[in-house]
Structure formats: C-alpha cells, structure tokens
Amino acid sequence: MTAVTEGFTTAPRAASARAAARRGRWGIVVIVLIAVLVAVVVATTRAPDSTPMSTTGTTPAGARAVAQVLRDQGVDVRQVAWLADARIASPETTTLVLVDPSTLGPAQVASIARYPGDVVLLGSVGSVAPALGLAVEDVPVPVAGLARPACADPDAQAAGQVRVQGWGLRAVDDAAVDDAPLTCFALADGAAAFARAEADGRTVTAIASADLVTNGELDQLGHAALALRTLGRHPQVVWYLGDIFDDTTLTTGDSGAAAIEARPDFLPPGTGSALYALALAVGVVALWRGRRFGALVREPLPVVVRASEATRGRARLYRSIGARGRATAALRGTAALRMGRRLGVARGSGRDALVAAIHRATGRPAGEVAALLYGPVPPTDAQMMTLVAQIDALEKEVHRP
Amino acid sequence: MYLTGWTALLAALGAVPAAALESRAAAWLWVLGTLALAGLDAWMAPSVRSLGVRREPPESVRLGESAASTLVAANLGRRTLRGAVRDAWPPSVGATQARHPVALGPGESVRLRTALRPTRRGDLTAGAVTVRLAGPLRLAGRQRSFAVPARVRVLPEFASRRHLPARLARLRELDGRSSVLLKGAGSEFDSMREYVPGDDVRTIDWRSTARRGDVIVRTYRPERDRRIVVVVDTSRLSATRVADAPRLDASIEAALLLSALAAHAGDRVQATAWDRVERARAAAPGTRIVHQLADAVAAVEPSLLEPDWPGLVRLLQGRVSQRSLVVLLTTVDTGAADSGLIDAVGALAARHLVLVASVEDPELASLERGRADADAHYEAGAAARASLEREAVAGMLRRLGAEVVLAGPDELAPAVADRYLALKTAGRL
C-alpha cells in the first residue's frame with residue numbers, strides 16, 4: 001500500500017513492513033536454527049589430531065594414551081609447539097620431553113643445554129644428547145628386535161623387555177663428558193633403545209625407539225612401565241612437539257619479556273590485535289558495501305535467435321551425412337542463375353541455351369561447361385571442393401566485363 | 001537500514017585501542033560498540049515516509065536520443081532530511097546517474113533529473129524508487145524502496161530518415177517543382193505549355209500544335225491521393241536477428257521511411273502491424289502519419305506465432321475499398337510460403353498493387369561465398385539452397401503480379417522507397 005500525499009508518493013506505512021516481516025518469520029526462525037546448529041556442530045567437533053607423537057593424537061602413532069595415563073597419575077602434561085611457549089616455571093619439578101630432537105637448531109640446542117631440569121629425548125637424538133652431556137650417537141636399526149635390560153637402571157629393570165626399532169643408541173667416548181652413559185636394551189649389534197646419564201645435576205634420558213610410547217605399542221611388552229616411569233618422575237611434563245617453523249628458544253619462568261626475547265619478532269607489540277581489529281572492520285565494510293541501494297530492476301528481454309541458424313543447421317545436416325549431391329546442386333543452381341541473368345538467358349529456356357550462352361561468352365567447350373554445371377555428383381569432399389572452385393572460376397570469366 | 005562509510009572507518013579505528021591494549025576483546029568491543037552506535041543513529045534518522053516523491057517521465061523518447069526523467073522529491077515532515085534517492089530504471093533505458101543526494105529543509109522540494117539514453121525500443125517501465133535518509137551522526141540511516149509507477153515509450157530510431165532528403169528531391173523532380181525541367185511521366189494530365197528544347201518529343205500534343213501554330217506539349221504531374229497500406233509482419237520470422245537487430249526493426253524502418261515519403265507526396269497512408277491479430281494501427285492524414293506510426297509500433301514486439309495471412313486479407317478487404325498499394329514488410333522464404341503468403345498475395349493482387357519487401361540476411365551471402373574448407377562448402381551449399389528457395393518464392397510472387405524487394409536490413413528502407421518512387425513515376429499506383 002503506497003500512500004500518496006498532495007501528488008507525492010511516500011513509502012508505505014511501517015505496519016505493512018511489519019506484516020512483511022511476519023510473513024518472513026518462519027524463514028528467519030529456520031535460518032537462526034540452522035545457524036545455531038552449525039555453530040554447535042562446529043564448536044563440538046574437532047578434526048581428529050593425526051600428528052604422530054602428539055598428546056592429543058588418537059591414531060596408533062599418536063601419544064594420547066601415555067599422556068592420559070600420566071594425567072590419571074596426577075602428572076600435568078602440557079604440549080607446546082614452540083619452545084618459547086614452554087615458559088617452565090619450576091625446572092626442578094618439571095620433565096621437559098623433546099620429540100624428535102634431531103630437528104632442533106643450534107641456538108635451540110644451546111638454550112636447552114642451559115636448562116637446569118630433567119630432559120627426556122624421544123626419537124633420534126642428533127647433536128642434542130652430546131650437548132646435554134649424554135655421550136651417545138644414533139644408529140639406525142634396520143631389523144627390529146626384542147631386548148632385555150642389561151643395566152642397573154631401575155626403570156629399565158621394571159620394564160623387563162622392549163622392542164628396539166627405528167633408531168638405536170650407541171655410547172661414544174667423549175672427553176668432555178665425565179660419566180659414561182648408561183645404555184640399556186641393546187641388541188646384538190650394540191644398538192640400545194634407552195640411555196641415561198646424570199650430568200650437571202639433571203637427568204638426561206633418551207628413548208631412541210620412540211615408537212614404544214605410541215598408542216599402538218604402549219600396551220605391549222614392558223613399554224608402558226618404561227614410558228611411565230621415565231616420563232612421570234616429576235609432577236609436570238612439558239611435551240615439546242616441534243613445529244617445523246619453530247625457531248624460538250626455550251623459555252623458563254612466566255615472563256613475557258623472556259618470551260619476546262626467545263621469539264624474535266620485528267613487528268611492534270599489538271600488531272596482531274590491530275590486524276584482528278582491522279579484520280573485524282572488513283566485516284563492517286562488507287555490511288556497508290553489501291547493502292544494495294534498492295533492488296535490481298528486472299527487464300524482460302527478447303531471446304536472440306540469428307536468422308542464419310536454420311541455414312547453419314541445414315549445413316550441419318549436409319555435413320553429417322555427406323550430402324555432397326544436395327550441396328553441389330544448390331551451388332551449381334545459384335551459379336547458373338547468376339550467369340543466366342548476366343548473359344540474359346531466360347530462366348525457363350533450358351540448360352542447353354545456358355550452356356551455349358556460356359560457351360559463347362567464355363570460349364570454353366560446351367561439353368566442359370555442361371560437365372561443370374550439370375555433371376555427376378563429386379564422390380569425395382576434395383573433388384567437391386575442386387568442382388566448386390572450377391565453377392567459381394567459370395563464373396568469374398562470365399562476369400568479366 | 002543502511003551503513004555509511006563513516007561506520008566502516010570508525011570500525012577500522014578500533015585498531016588503535018586494540019593495538020594499545022594488545023587485546024582482541026578490545027577490538028570486538030569497539031566494533032560492536034560502533035555497530036550499536038550505527039543502529040542508534042539509524043533509529044534516530046527521520047522516517048522515510050517524510051520524503052514524498054513524484055515521477056515526471058518524458059512522454060516518449062526516440063531510440064538513440066537522450067531525454068531526462070524528472071523526479072520531484074519533497075520534504076513532507078518537520079525535520080531536515082539528508083540522504084539520497086535512487087530513481088531506478090531498467091538497464092536498457094540507459095539511466096547512468098540514477099542516484100541523487102538530497103538535502104531538504106521542512107517543506108522544501110527539489111527536482112532531480114535522471115538522464116535517459118535508451119538502447120531498446122518499446123514501453124519501458126520504471127523500477128522502484130529507493131529512499132535513504134541518514135541519521136544525525138551520518139553513521140547509518142533508514143532505507144526503503146517503494147513503487148512509483150512510471151513508463152517511458154521509446155520510439156523506433158527511424159535511422160532511415162537520412163535517406164529521406166534524397167527521395168524528397170526526386171519527388172520534387174517528379175512534381176515539376178524542381179528547377180530541373182524533368183517532367184515525370186506520371187499519369188495525371190496537368191496542363192499544356194509551349195515546347196522548350198529538352199522536352200520529351202513524345203509529350204508533344206499534335207492537336208493543340210496544329211491549332212495554335214506553336215509546338216505545344218502536355219505536362220503531367222505525378223498522381224496524388226493514392227492509397228498506401230503498409231503491413232508490418234510481426235510473426236515468428238520477424239523475431240529472428242539479422243545483423244544484431246530483429247527483422248521487425250528493419251521492417252519498421254522501411255515502414256517509417258515509406259510513410260514519410262508517401263505523406264510528402266500527397267498519398268494517404270495507413271499502416272498495420274499484424275501476425276494473427278492486429279498489434280498496432282496508424283492512419284492519419286498528411287505527415288502526421290509518421291509520428292503516429294512510430295508511436296503505434298514503438299511497443300510492438302515480435303510474437304512467436306504463425307502469421308494469419310487469410311485473416312489479413314479479410315482485414316484489408318474490410319478496410320480498403322479503393323485500389324491501393326499494399327506493402328507487405330515480411331520475410332520471403334519457404335516458411336512464409338507454407339503459411340499462406342502466396343495465396344494472400346494472389347488474393348490481394350486481384351484488387352491492389354502488392355509490394356512484398358523482405359529483410360535479407362547478409363550473413364547468408366557471406367556463408368554462400370565461404371570456400372575455406374569442406375565444412376564451409378557444405379555451409380555454402382546450404383546457403384545456396386536457401387537462396388534458391390527464396391528466389392523460387394519471389395518468382396512465384398512476381399508471377400502473381402506483385403513487386404518484390406529483397407534487401408539487407410540497412411538497405412531495405414531506401415530500396416522500398418525507391419521502388420515506391422519508381423511505381424509512382426511509372427504511374428502504376
């Protein structure tokens with residue numbers, strides 16, 4: 001309902017707008033329900049973590065089981081992806097677990113070497129173990145095998161038997177290290193699954209065959225005993241699962257300054273928050289630009305059909321069945337018509353009259369002209385093209401002034 | 001409700017407190033606060049009902065020319081209004097600047113002109129008027145669209161009128177008013193005068209010459225007050241496109257040029273657009289027929305129907321009693337022949353002189369000349385077949401005594417006009 005006041009039209013009353021809203025009420029309700037449903041589903045479902053050795057990973061290569069058992073025993077397990085996020089408050093009550101330490105950079109290794117608390121290395125140790133005072137080196141274990149503890153370590157004794165696979169350890173002579181390391185679970189060729197050394201007042205333990213702490217193998221042999229006794233020495237565990245982009249160094253204490261120092265960042269503080277605010281502003285820009293200034297105006301437009309469509313369709317039919325007869329007959333017919341007009345031959349006067357007239361005009365033998373205009377159907381496309389070219393040439397001669 | 005760029009800018013300024021506090025919560029608070037402020041601003045904006053609009057569209061505009069549609073906006077409320085008005089038209093009307101900012105005090109009104117440059121013939125209906133009124137903070141405002149009926153009639157382009165001066169000059173030569181002493185061989189006896197060198201010796205009136213002693217010639221003037229009936233075929237074949245425009249448009253151009261020329265020549269023209277029913281009709285004395293015809297056929301669209309030619313014959317029998325020139329602007333091909341065109345022309349030719357004009361497709365000629373590869377030869381064959389069929393139908397029409405004009409879309413109008421002049425010169429009307 002549009003109101004007209006003194007010749008002017010104004011917008012309809014708001015009541016009708018409310019009625020329109022009422023008409024669209026169910027649509028709004030459905031949209032809101034769907035939005036709530038989607039929000040709930042998104043909030044409650046997480047994509048399963050399939051990262052190997054992750055404390056939230058539920059795949060056989062994950063390490064959720066060991067973390068869960070440790071938590072049940074009152075151990076606080078915290079996983080970090082960046083060394084700078086470790087922020088270990090009390091090293092004396094914390095076990096730092098480094099997964100796959102051979103990927104760490106020199107600066108990171110140095111920062112770990114300065115760390116006073118206990119360290120557990122899972123996987124190939126690289127240069128980290130010697131830096132921490134554990135004089136061992138990696139040896140690949142091509143064929144997995146079972147091994148019993150041949151050492152006095154109580155954790156190893158408690159475990160009994162473990163499987164050595166993937167990587168093993170071998171003690172090396174290192175002048176810089178006082179105590180020879182204790183290696184356990186050695187195979188016949190000397191590759192050991194476990195090594196431990198007390199150095200600088202801390203215990204450094206390496207479990208090269210890291211597979212034994214995974215969900216898939218934790219419940220086999222003595223794996224559980226070895227893993228839990230090694231990892232559960234202190235009430236807190238910081239589980240470092242290195243991100244490949246991580247180049248930060250280890251932090252202790254809960255100081256932001258240390259974190260900033262550990263994670264070199266050339267952007268001023270607050271940049272992230274400012275970018276976040278700008279991203280929200282982009283949403284407002286979308287609201288601003290997305291509101292159309294009135295609806296598009298519909299316009300009924302005629303369909304476009306080209307007049308030559310029918311002829312092109314007929315040409316495709318000719319081509320698909322190779323109708324050279326019909327195609328050449330039509331081309332011969334129009335050429336004859338034009339030449340007859342040019343030479344003044346009446347339409348109904350027959351082919352002989354036309355052939356004779358063309359013969360007189362061009363000097364070409366009458367038989368040749370008749371063969372071109374009234375001859376047999378060319379059997380191939382190539383011969384059809386030749387014939388048409390000859391007819392064109394003849395017509396050009398006729399039309400020559 | 002709508003937001004302005006100021007709201008977006010204000011929201012972007014939230015980066016400053018967010019950076020200072022290093023807090024995403026601050027960013028959220030700022031943005032939500034901005035939106036709340038915008039909502040408050042929109043709520044405080046004046047009601048859209050306080051702005052009244054009135055549309056004053058142009059009566060008609062010729063295709064290819066510009067016109068302006070006026071929209072009068074008045075403040076009917078007691079508050080000052082700031083905002084914008086959109087005068088929406090369909091795309092083919094060519095309204096490029098349809099948005100107008102307005103600032104009106106109480107009781108004020110303003111005339112907003114929207115330039116129109118239509119690109120399509122026909123009756124074009126305006127879209128809704130959208131009103132935006134900003135709130136006091138300029139952050140947001142109220143927006144509403146409502147229908148304000150308006151229509152503009154876009155007349156045919158009549159591009160063929162550029163051919164008119166040359167044809168009128170030839171008409172004046174026929175009429176004896178031109179300085180060139182070229183008397184037309186029209187049929188009506190005008191007067192007698194003395195022979196001057198250059199006159200056609202066949203016009204010497206020997207009886208008067210013998211009586212007067214001087215050589216006396218008869219002069220003639222072209223026939224006047226002949227009746228011309230222009231029939232524009234709007235059936236399905238007129239919908240097909242030839243060189244980017246429907247055949248119907250070329251037919252309309254030809255009808256307009258012919259009626260302008262014939263009206264100047266003193267003939268009485270009436271026109272009809274026909275498929276199965278009469279779609280438009282024009283009959284006016286003198287040159288007013290041109291404008292009336294343009295107005296009548298402006299909104300005629302091709303209909304996808306077979307033409308009812310016997311019905312047309314009955315219509316003309318009831319409407320035209322004297323012998324006339326019946327100009328059929330249609331399509332000559334086998335389809336038209338099947339629909340009864342030939343019988344209709346035969347029936348009309350018994351009483352009238354019939355001129356059948358058809359828009360030819362230049363693309364067919366280029367197809368017929370195609371020699372690029374085997375496919376092109378098949379296309380050339382198909383085009384040649386179509387051309388032969390057309391020639392056959394045209395030959396049948398000619399044998400029935402009808403005049404046939406086949407020309408491309410741009411050449412049809414002058415070709416029909418020339419044929420009309422030739423018929424007039426020959427005194428066959």
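Numbers restart at 1 for each chain; the letters A, B, ... are given by sequence-line order, proteins then strands.
Closest non-hydrogen pair, B:L116 versus B:A95, comes out as CD2-CB, 3.7 Å. Closest approach of A:A307 to B:D361, counting heavy atoms only: CB-OD2, 3.6 Å. Pairing each heavy atom of A:M384 with each of A:A327, the nearest pair is SD-CB, 4.4 Å. Summarising the geometry of B:R390 relative to B:D333, their closest heavy-atom pair is CG-CA, 4.4 Å, with the distance given to 0.1 Å. The two residues B:V53 and B:F146 come nearest to each other via the heavy atoms CG2-CE1, 3.7 Å.
The parts of B:S92 that come within reach of chain A are both its backbone and its side chain, each placing non-hydrogen atoms under 4.5 angstrom from that chain. Looking at B:E391, both its backbone and its side chain come within 4.5 Å of chain A, counting heavy atoms on both sides. Contacts of B:V31 with chain A are made by side-chain atoms alone, with heavy-atom separations under 4.5 Å and no backbone atom involved. Using a 4.5 Å cut-off between heavy atoms, B:V359 makes no contact with chain A at all. Interface remark: B:W89 contributes backbone atoms only to the contact with chain A (heavy atom separation under 4.5 Å). Of the two parts of B:L124, only the side chain, counted from C-beta on, holds a non-hydrogen atom closer than 4.5 Å to a non-hydrogen atom of chain A. Heavy atoms of A:R324 lying under 4.5 Å from chain B belong to its backbone as well as its side chain. Both the backbone and the side chain of B:Q143 come within less than 4.5 Å of a heavy atom of chain A. For a residue to count as touching a neighbouring chain, one of its non-hydrogen atoms must lie under 4.5 Å from one of that chain's; by this rule A:A389 does not touch chain B. Interface residue B:D375: backbone and side-chain heavy atoms are both found under 4.5 Å from chain A. The contact between B:L51 and chain A is made entirely by backbone atoms, counting heavy-atom distances below 4.5 Å. Only the side chain of B:L35 has a heavy atom closer than 4.5 Å to any heavy atom of chain A. For chain B, the nearby parts of A:S308 are the backbone and the side chain; heavy atoms of each come within less than 4.5 Å. Using a 4.5 Å cut-off between heavy atoms, B:R120 contacts chain A through its side chain alone, with no backbone atom that close. For chain A, the nearby parts of B:A84 are the backbone and the side chain; heavy atoms of each come within less than 4.5 Å. Of the two parts of A:R326, the backbone and the side chain both hold a non-hydrogen atom closer than 4.5 Å to a non-hydrogen atom of chain B. When heavy atoms are compared at a cutoff of 4.5 Å, A:A310 does not approach chain B at all. Of the atoms belonging to A:L287, heavy atoms from both backbone and side chain fall under 4.5 Å from chain B. Contacts between B:S23 and chain A at a heavy-atom distance below 4.5 Å involve the backbone alone (N, CA, C, O).
With rounding to the nearest 0.5 angstrom, the CD atom of B:E22 is 8.5 Å from the OG1 atom of A:T271. Remark: B:L139 CG to A:W288 CH2 distance equals 12.5 Å, nearest 0.5 Å.
Comparing B:A88, B:A239, B:G5 by heavy-atom pairs within less than 4.5 Å of chain A, the highest count is held by B:G5. Your options are B:L10, B:L13, B:V131, B:L367, and the one with the most heavy-atom pairs under 4.5 Å with chain A is B:L367. Contact tally against chain A (heavy-atom pairs below 4.5 Å) for B:E379, B:R55, B:H377: the top residue is B:H377. Most heavy-atom pairs under 4.5 Å with chain B: of the set A:L296, A:V305, A:L337, this distinction falls to A:V305. By number of non-hydrogen pairs under 4.5 angstrom with chain A, the leading residue of B:G127, B:P90, B:G122 is B:P90. Interface check for chain A: of the options B:A12, B:A19, B:A243, the most heavy-atom pairs under 4.5 Å are formed by B:A19. In terms of non-hydrogen atom pairs under 4.5 Å with chain A, the most contact-rich of B:A38, B:A27, B:A384, B:S109 is B:A384. The choice from A:L278, A:D381, A:V285, A:L280 that makes the most heavy-atom pairs within less than 4.5 Å of chain B is A:L280.
At least one side-chain heavy atom of A:L394 sits less than 4.5 Å from a side-chain heavy atom of A:M339. Counting only heavy atoms from C-beta outward, the side chains of B:V152 and B:P118 never approach each other to under 4.5 Å. B:P17 places none of its side-chain heavy atoms less than 4.5 Å from the side chain of A:S273. Within the 4.5 Å cutoff, no side-chain heavy atoms of A:R364 are placed close to those of A:I358.
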* Which is it for B:R111 and B:E56 under the salt bridge (Lys or Arg N to Asp or Glu O under 4.0 Å) test, yes or no, and what are the steps along the way? -> CA-CA 10 Å; B:R111 299 176 71 81; B:E56 295 173 1; 2.8 Å; yes

* To do: Apply salt bridge (Lys or Arg N to Asp or Glu O under 4.0 Å) to the pair B:E363 and A:R312, showing each step before the final yes or no.
  => CA-CA 10 Å; B:E363 206 177 328; A:R312 287 181 193 277; 2.3 Å; yes

* Asked: Where do B:H100 and B:V110 land on the side chain to side chain contact (heavy atoms under 4.5 Å, CB included) test, with the steps shown first?
  -> CA-CA 11 Å; B:H100 308 278; B:V110 65; over 6 Å; no

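Under the side-chain contact (heavy atoms from CB on, under 4.5 Å) test applied with B:L112, the options B:D87, B:V72, B:L71 reduce to a single match, B:L71.
The side-chain tip of A:R351 points at the ring of A:Y374 from less than 6.0 angstrom away and within 45° of straight on.
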